[in-house]
2 protein chains.
Amino acid sequence: MKKSITLKELAKLLKVSVSTVSKALNDSHEISESTKRKVEEAAKLHNYKPNRAALNLKSGKTNTIGVVLPSIKNFFLARALRGIESVIANTDYNIVISITNESYEKEVKSVEALTNGMVDGLIISVSEETQILQDFSHLHDIPDDIHMIMFDRVESTITCDKVLVDDYDAISKTVRDLKFKGRNKIVLASTISKLSVGKQRTKGYIDSIKDKHAPILIEGPEDFIEVKLNKLLRDEDIDTIIALDEEASLASFRAGKKNNLLEKGKLFLVGYAGKTMSEHLTPSLTTIDQHGKKVGRTSAKLLLERFKRPNKDIEQVIVDSTLRERDTTTLKKS
Amino acid sequence: MKKSITLKELAKLLKVSVSTVSKALNDSHEISESTKRKVEEAAKLHNYKPNRAALNLKSGKTNTIGVVLPSIKNFFLARALRGIESVIANTDYNIVISITNESYEKEVKSVEALTNGMVDGLIISVSEETQILQDFSHLHDIPDDIHMIMFDRVESTITCDKVLVDDYDAISKTVRDLKFKGRNKIVLASTISKLSVGKQRTKGYIDSIKDKHAPILIEGPEDFIEVKLNKLLRDEDIDTIIALDEEASLASFRAGKKNNLLEKGKLFLVGYAGKTMSEHLTPSLTTIDQHGKKVGRTSAKLLLERFKRPNKDIEQVIVDSTLRERDTTTLKKS
DNA sequence: CTGTTAGCGCTTTCAT
DNA sequence: ATGAAAGCGCTAACAG
C-alpha cells in the first residue's frame, strides 16, 4: 500500500505545470516526447492514480454500469450476471453490482446510491418486495441522463428498454406437451406467485389446463408447498407437477420422493432450477431453461446501444425458454 | 425518469445563494426554518439529487465499500457476501461488488476501478489465477488511505487484516475422525490444488494420513477427477473420499454412485458443498461447513473497526469449520 | 440569517 | 512546447 500522489504534487516535483502533466499523461500531441517520458516515469514511480471523483465531476461520466439484482442465489440471475459481464468485458466500462436480497428498502438505497453519479447506466431486475408493494417511484426518479434497462422482472409503467422471458408461452407449451404425453392431472407449485414472472407462468398454466381440469395451484413458501404436496400426492391421483422456481422444484422433488412416485415415473416433475442441481438429483430433474446468460447479454447490449443512440426507439426483447428433458419426465423402462 | 437539477440551478430558481441552499439541505442551524422548507420543497419538486462525484471530491470520502469476489457460483463466497452485507446494512456505507471470475486481469481491473476513488475500503478474496501467478502488485499499489481486508484466499506478503478458515485443521480433524471410524484407505480429490486454501487442506490430509498409508491425491479439473476416481474405485479398495471443493465433491459423488458404492455405505464421502445441494443428493452429502456468513461478517466488522482506528494493530482472525454429518458417512443399517 | 469565495483534482481552452 | 486560469457541483470558512 503505497502513498498516493496528486497531479498537482507530481507537477511540483517535476517543476512543470499541472496542465503539462495532465497532457503528458493523456498523451497529448502538444507535449514533447522527452517530457512525456519524464512525466510517465515519475507517475509510475510515485504510483500516481487519477482521482476518479475529479474525473467524473469534470466529465460528467463515470464509465461505470450498475447492475441491481434481487438475489445472488438465484441461478437464473447469476447466469444473467455472467451474460452482462461477458459483453461489458469487451468495453471500457466497469461493472458494479448491488444485491437487494429481495428487499424494497435495499433496492431504493442501491438505486439511489448508484444513480447519484456513480454509474452512467443501470441494468435492473426488481426485488420481490418491490413488485408486491408496486412502488416504483425510485425508478421513475432516476435522472434521465442515466439509461436504464429492466430485465425479467419488469414494470410496464416504466418507459425503458426491457428484456423478458417468454414465461406465459413456456408454461403453456409445457402443459400442452404434458397433455400430449397423456398426463391427466397437472398441479402447479410456486413460491413466486407475487412476482410478475410467476403470475405470467401461472396464467400460462391456467389458460392451457382449463379444458382438461380445474387448475390446482399450490402457492406459498417452500415448506408449505412440500407439506401440501405430500398430502395431495397421497390423497389424489396427481400425475404431474410443474414447479415455477427452484424452491418449489425442490419442495416438489422431496414430496415426490417421499411418496416414492418419482423413481417409478408415476409422477412427472418439470421445474425451474439450475443445471448442476437438476443433473445431480436422483432422478434428474426436467427443467425449463430460461437462457439466463442470453438474457444478460441482451440487456447489456441494449444498454450499450442506448449509450450510443440515446434517442432511439425503446426496445423490448423476449428470450425464449427451452425444455430440458431429464428423468423426472421419463417413463421407467423396466 | 425526471430531469435532474443542480444546486446552483436550484439557487437561481429560488433567488438565493448556493450556500444557502446547501446549508438548508444539510439542515444547518444557521438557516431559518422558512427558507429551509422552501428549499426542501423546491428540491423535492425538481428532483434534486446531490452529485456524488462532487461530494466525493470535496470530502475525499465515498461512503462506499468494495467487495471483490472471484466467483458468485461458489456457495461459500456467496454466503460470505451475505455476511458482509448483513453488517454493512446497519451502517451508512454502500456496497459495490465486483466479480473477477477467477481471472487475474479482471481482478486487476476491478481493484483499480474501485480503489481509484470509488470506495473507502475493500474486502477481497483473490482469484485463482492471481494465486497461481503469485502477482499481487495491484494490491500493493492500493493507496494507503484505502483500507483492505482479505479473506479466505489471502496472501502473506500483504499487510492487512485477514479472515481465514481453519483449512489445515479442518481436514486433519476429519481424517483423524475417519480413521477412528475404521476407514482404511482415504483418497483426496481436489480441483483447487492451486489455491492457498486447497494447499492447506491437502497438507492437513497428507500430514494426518501418512502414518496409515501413502497419500493418494487426485488433483485436476472436475471431469478428470471423475474419470480417475471411476478407475480407482474399481481397481483399488478405496473406502473413503475427501473432496476439497464443490466440483470435486460432485465428481466424487458421481463416481461413487456409478460404482454403486455410496448407497451401501461401502464408500464414505466428505466434501465441501452448499447446504441445499448436499441435502438433496441421494444419499445426502456429509460436508465441512466453513461458516461463510461468519467469515463475511467478521471481515466487514474488521473493516469498520479499521475505519474507526486506522492505526490499530493488524488482526488475523481464523473461523473454525464444522463437520455436518449426513448419509455419505453413515453405514447402511439394513 | 444569508452571501461571497476558495478549493477538492482534474481537463481544457486560451495565451505565451 | 509549456503555462495560466476557468470550471465541473458541492461544502465550509469567513464576511456581512
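Order of the sequence lines fixes the chain letters, A, B, ..., with proteins taken first and strands second; residue numbering starts at 1 for each chain. Predicted model, so just to flag it, every value in this text is computed and none were measured.
For dG9(D), neither phosphate oxygen OP1 nor OP2 lies less than 4.0 angstrom from any side-chain nitrogen or oxygen of Ser22(B). In this model, the phosphate group of dC8(C) is not approached by any side-chain N or O of Asn51(A) to a distance below 4.0 Å at OP1 or OP2. At dT2(D), none of the side-chain N or O atoms of Thr20(A) fall inside 4.0 Å of OP1 or OP2 (strictly under the cut-off). For the OP1/OP2 pair of dC8(C) and a distance below 4.0 Å, the side-chain nitrogens and oxygens of Asn56(B) include no atom meeting the criterion. Distances shorter than 4.0 Å separate none of the side-chain N or O atoms of Ser59(B) from OP1 or OP2 on dC10(D).
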Worksheet item: Passes side chain to side chain contact (heavy atoms under 4.5 Å, CB included), Asp120(B) versus Thr64(B)? Steps please.
Response: CA-CA 6 Å; Asp120(B) 297 334; Thr64(B) 303; 5.9 Å; no
Item to complete: Verify salt bridge (Lys or Arg N to Asp or Glu O under 4.0 Å) between Glu30(A) and Lys23(A), making sure each step is shown before the conclusion.
Response: CA-CA 8 Å; Glu30(A) 41 181 320; Lys23(A) 286 170 189 165; 3.7 Å; yes
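We find that NE2 of His29(B) is positioned 16 Å from P of dT11(D), with the value rounded to whole Å. Taking atom CG of residue Asp27(A) and atom P of nucleotide dT12(C), one finds them 13 Å apart after rounding to whole Å. Between Leu14(A) atom CG and dG3(D) atom C1' there is a gap of 15 Å when expressed in whole angstrom units. Taking atom NZ of Lys61(A) as the reference point, atom P of dC10(C) lies 18 Å away to the nearest angstrom. Remark: P of dG9(D) and NE2 of His46(B) are 17 Å apart, rounded to the nearest angstrom. Taking atom CG of residue Asn26(B) and atom P of nucleotide dA13(D), one finds them 13 Å apart after rounding to whole Å. Protein atom NZ of Lys12(B) is 16 Å distant from nucleotide atom C1' of dG3(C), rounded to whole Å. The distance between atom CG of Asp145(B) and atom P of dC8(C), rounded to the nearest whole Å, is 16 Å.
Each of Tyr48(A) and Glu30(A) was assigned the nucleotide of DNA chain C with the nearest heavy atom; the assignment lying further toward the 5' end belongs to Tyr48(A). Judged by closest nucleotide on DNA chain D, Thr35(A) is the one of Thr35(A) and Lys58(B) placed further toward the 5' end.
Other residues, nucleotides and ligands place more than 12 heavy atoms under 6.0 Å from the NZ atom of Lys106(A).
Considering only the side chain of Ser19(A), dA5(D) comes nearest among dC8(C), dA13(D), dA5(D). Distances from the side chain of Lys8(A) to the nucleotides dC10(D), dC8(C), dA4(D) place dC8(C) closest. Counting only heavy atoms from C-beta on, Ala54(A) has its side chain closest to dG9(C) among dG9(C), dC10(D), dG3(D).
His138(A) and Glu112(A) share no donor-acceptor pair across their side chains, judged by distance under 3.5 Å alone.
Among the heavy atoms of the strands lying under 4.0 Å from Leu57(B) is at least one base atom, whether or not backbone atoms are also near.
With Ser196(B) as the partner, the side-chain hydrogen bond (donor to acceptor under 3.5 Å, both in side chains) test is satisfied by one option alone out of Arg153(B), Gln131(B), Glu155(B): Gln131(B).
For a distance-only test at 3.5 Å, the side chain of Lys23(B) qualifies as a donor-acceptor partner of the base of dG3(C).
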